[in-house]
Amino acid sequence: MTRTVTITDNMTGKQVECPVLEGTCGPPVINTKSLYKELGMFTFDPGFVTTASCRSAVTYLDGEKGVLLHRGYPIEQLAEQSTFLEVVYLLIHGELPTRKQMDEWAHAIKMHMMTHEHISRFYSAYRYDAHPMSIMAGVANAIASYYHDRTDIWDPDNRLITARRIIAKMPNVASKCYRYASGLPFVYPDNARSYVENFMYMTFSWPTEEYTPSAAAVRALDLLFILHADHEQNASTSTVRLAGSSEANPFACIAAGITTLWGKSHGGANEAVVRMLEEIGSTSNIPKYVARAKDRKDPFRLMGFGHRVYKNYDPRAKIIRKACHDLLEEEKLNQPLFEIAMELERIALEDEYFIKRKLYPNVDFYSGLIYQALRIPTSMFTVMFALARSAGWVAQWMELMKDRDFRIGRPRQLYIGRQTRDYVPIEER
Ligand code: ACO
């Protein structure tokens with residue numbers, strides 16, 4: 001028997017039977033497609049918090065149980081045993097690669113890392129103090145122009161080439177955002193290095209010196225990239241899908257994702273965490289800031305606490321918290337903000353306000369601390385996030401393009417403006 005949910009309009013007595021769709025994990029969803037046709041009504045769900053916008057087989061998360069799966073693999077196992085580049089392959093192709101497939105994939109990515117030389121000149125149009133996220137979104141959009149006529153988004157092989165291009169070029173684009181702002185010359189990729197090491201080399205090497213980052217630093221960054229690679233239908237991913245639904249150029253879709261990620265309620269949170277810790281300045285000031293966070297009249301919120309979906313704990317935060325401790329210990333780094341962060345975490349987790357609202361540290365509470373330990377400037381944090389999340393954006397875009405329900409996204413609204421009225425000539429107003 002097909003499961004249905006009946007919706008009744010108690011004013012007219014009219015009914016509509018909506019089919020219930022079952023996924024492989026998670027709550028079933030009510031297909032409300034016939035609602036408008038049958039009852040002349042839309043659904044109202046600000047922020048789309050109970051709306052499934054698509055079918056997807058890429059990532060599953062259960063916010064109550066703190067579960068995150070990529071193509072079925074738990075994030076804990078991927079974090080422990082995989083690499084970022086392998087996770088990207090998994091997200092895009094749906095399966096873990098064989099050794100041969102992995103070698104070919106890594107090689108193909110290396111071969112696409114360069115950008116057209118003109119792109120390097122594009123950066124100079126930005127002010128020296130421009131936020132790197134603004135630059136990154138602009139450059140991603142500019143790259144769209146290089147492949148526009150040659151990209152057939154309806155051809156699966158072409159989509160795969162596009163995916164490789166995006167994954168390969170993002171470290172190059174991101175590194176230049178930093179170098180431009182720092183007044184450093186741009187660095188070409190070095191094919192002898194791994195994906196993450198290559199990014200670090202292009203970003204942090206000095207023209208006059210040899211550069212080899214420590215293995216611990218490369219591993220910490222690789223782990224952070226794994227943890228940020230995809231996260232289901234969040235704001236930036238939904239933006240990428242919405243842009244993609246209009247058949248926009250894939251690089252332009254990624255630019256739309258970068259723009260959305262920039263906000264401090266989303267990817268900008270890791271930057272906001274460090275700025276907040278700097279503002280707190282000392283453990284003795286923590287109670288004052290916790291009191292402010294609890295005061296409804298004060299807009300201040302504890303950055304890095306709370307999550308729209310994870311209401312018990314963020315599984316990525318658990319992994320990253322440990323990595324943060326390990327890195328600081330291994331590298332013998334003196335990180336004054338870490339002490340404040342740990343004390344803030346302790347106080348907030350014991351506080352009734354945070355316990356009652358299930359507000360736990362999220363992944364960004366710790367990622368900023370790791371970036372800082374790696375001496376990555378604060379304004380670059382969200383760029384790192386965008387670089388990693390490009391993997392998810394691409395995988396979700398590719399899935400969208402072959403969705404049997406593909407159509408341009410078009411949400412509806414509950415109109416609360418003025419009803420029809422007559423135009424009044426300016427002299428009579
Ligand atoms: N500090 C203090 N109070 C908070 C916080 C916080 N960080 N987050 C939520 N609350 C309070 C709200 O004021 C509200 O209180 P009330 O019930 O008394 O009105 C209650 O907790 C529920 O808050 P909502 O805003 O409904 O929670 P929502 O799920 O919509 O918001 C969000 C989630 C945006 C992440 C929010 O917790 C927040 O702003 N956190 C800080 C920013 C942050 O860290 N963002 C990163 C998200 S993770 C990511 O993008 C990878």
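Quick note: numbers below take in every heavy atom, side chains included, and nothing from hydrogens, waters or symmetry partners. Bear in mind that the values here come from a model prediction, so they are computed numbers and not experimental data. Counting starts at 1 for both ligands and their atoms, in listed order.
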A.B. asks: Asp230 and side-chain hydrogen bond (donor to acceptor under 3.5 Å, both in side chains): which partner among Arg389, Arg71, Gln396?
C.D. replies: Gln396

A.B. asks: For atom 16 (P) of ligand 1, tell me which residue out of His228, Met276, Lys356, Arg296 has the closest non-hydrogen atom.
C.D. replies: Arg296

A.B. asks: Look at atom 3 (N) of ligand 1 and say which protein heavy atom is nearest, naming residue and atom and giving the distance to 0.1 Å.
C.D. replies: Tyr353 OH, 2.9 Å

A.B. asks: If the threshold is 4.0 Å, N to carboxylate O, is there a salt bridge linking Asp103 and Arg99?
C.D. replies: yes

A.B. asks: Checking salt bridge (Lys or Arg N to Asp or Glu O under 4.0 Å) for the pair Glu399/Arg241: CA distance, chi angles, key distance, verdict?
C.D. replies: CA-CA 9 Å; Glu399 187 179 60; Arg241 278 185 175 263; 2.6 Å; yes

A.B. asks: Check for me whether the distance between the ring centres of His231 and His307 falls short of 6.0 Å.
C.D. replies: yes

A.B. asks: Record the part of Arg301 in heavy-atom contact with ligand 1 below 4.0 Å; permitted values are side chain, backbone, both and neither.
C.D. replies: both

A.B. asks: Short list, please: which atoms of ligand 1 are under 4.0 Å from a heavy atom of Lys311?
C.D. replies: 29 (O)

A.B. asks: Are Asp222 and Thr83 close enough that a side-chain donor and a side-chain acceptor fall under 3.5 Å?
C.D. replies: no

A.B. asks: Heavy atoms only, cut-off 4.0 Å: how does Leu359 contact ligand 1, side chain, backbone, both, or neither?
C.D. replies: side chain

A.B. asks: Which atoms of ligand 1 have any heavy atom of Ala269 under 4.0 Å away?
C.D. replies: 43 (C), 44 (O), 45 (N), 46 (C)

A.B. asks: Return yes when at least one protein heavy atom is under 4.0 Å from atom 40 (N) of ligand 1, and no when none is.
C.D. replies: yes

A.B. asks: Identify the protein heavy atom lying closest to atom 1 (N) of ligand 1, giving its residue, its atom name and the separation to 0.1 Å.
C.D. replies: Leu302 N, 3.1 Å

A.B. asks: Would Gly267 count as a polar contact of ligand 1, with the cut-off being nitrogen or oxygen pairs under 3.5 Å?
C.D. replies: no

A.B. asks: Please identify which atoms of ligand 1 are closer than 4.0 Å to at least one heavy atom of His266.
C.D. replies: 46 (C), 49 (C), 50 (O)

A.B. asks: Less than 4.0 Å between atom 49 (C) of ligand 1 and some protein heavy atom, yes or no?
C.D. replies: yes

A.B. asks: Specify whether Phe365 and Phe305 have parallel, tilted or perpendicular ring planes, treating 30° as the upper limit for parallel and 60° as the lower limit for perpendicular.
C.D. replies: perpendicular

A.B. asks: At under 4.0 Å between heavy atoms, is it the side chain or the backbone of Asp364 that contacts ligand 1, or both, or neither?
C.D. replies: side chain

A.B. asks: Pick from Leu91, Ile92, Thr237: which one makes a side-chain contact (heavy atoms from CB on, under 4.5 Å) with Val58?
C.D. replies: Leu91

A.B. asks: Quick one: nearest non-hydrogen protein atom to atom 42 (C) of ligand 1, plus distance?
C.D. replies: Met303 SD, 3.7 Å

A.B. asks: So, do Leu302 and Phe354 sit near enough that their side-chain heavy atoms are less than 4.5 Å apart?
C.D. replies: yes

A.B. asks: Just to be sure I'm reading this right: ignoring hydrogens, which of Phe365, Phe305, Tyr310, Phe385 gets closest to atom 37 (O) of ligand 1? Compare them by their nearest heavy atoms.
C.D. replies: Phe305

A.B. asks: Near Gly306, which atoms of ligand 1 are under 4.0 Å from a heavy atom of that residue?
C.D. replies: 35 (C), 37 (O)

A.B. asks: Answer yes or no on whether Arg404 is positioned over the face of Phe406, meaning its NZ or CZ is under 6.0 Å from the six-membered ring centre and within 45° of the axis.
C.D. replies: no

A.B. asks: Under a plain distance cut-off of 3.5 Å, with no hydrogens placed, do Thr203 and Lys176 share a side-chain donor-acceptor pair?
C.D. replies: no

A.B. asks: Examine the proximity of ligand 1 to His231 and report which part, side chain or backbone, both or neither, has a heavy atom under 4.0 Å away.
C.D. replies: neither

A.B. asks: Would you call His131 and Ser379 a side-chain contact if the rule is heavy atoms closer than 4.5 Å?
C.D. replies: yes

A.B. asks: Is the charged tip of Arg375 near the ring of Phe204: under 6.0 Å from the six-membered ring centre and within 45° of its axis?
C.D. replies: no

A.B. asks: Considering the heavy atoms of Gly304, write down every atom of ligand 1 situated less than 4.0 Å from one of them.
C.D. replies: 43 (C), 44 (O)

A.B. asks: To check your reading of the model: name the closest protein heavy atom to atom 28 (P) of ligand 1, its residue, and the distance in Å.
C.D. replies: Arg308 NE, 3.6 Å

A.B. asks: So between Ser265, Gly63, Gly47, Ser236, whose heavy atom ends up nearest atom 47 (C) of ligand 1?
C.D. replies: Ser265

A.B. asks: Could you find the nearest protein heavy atom to atom 21 (O) of ligand 1 and give me its residue, atom name and distance?
C.D. replies: Arg357 CD, 3.3 Å

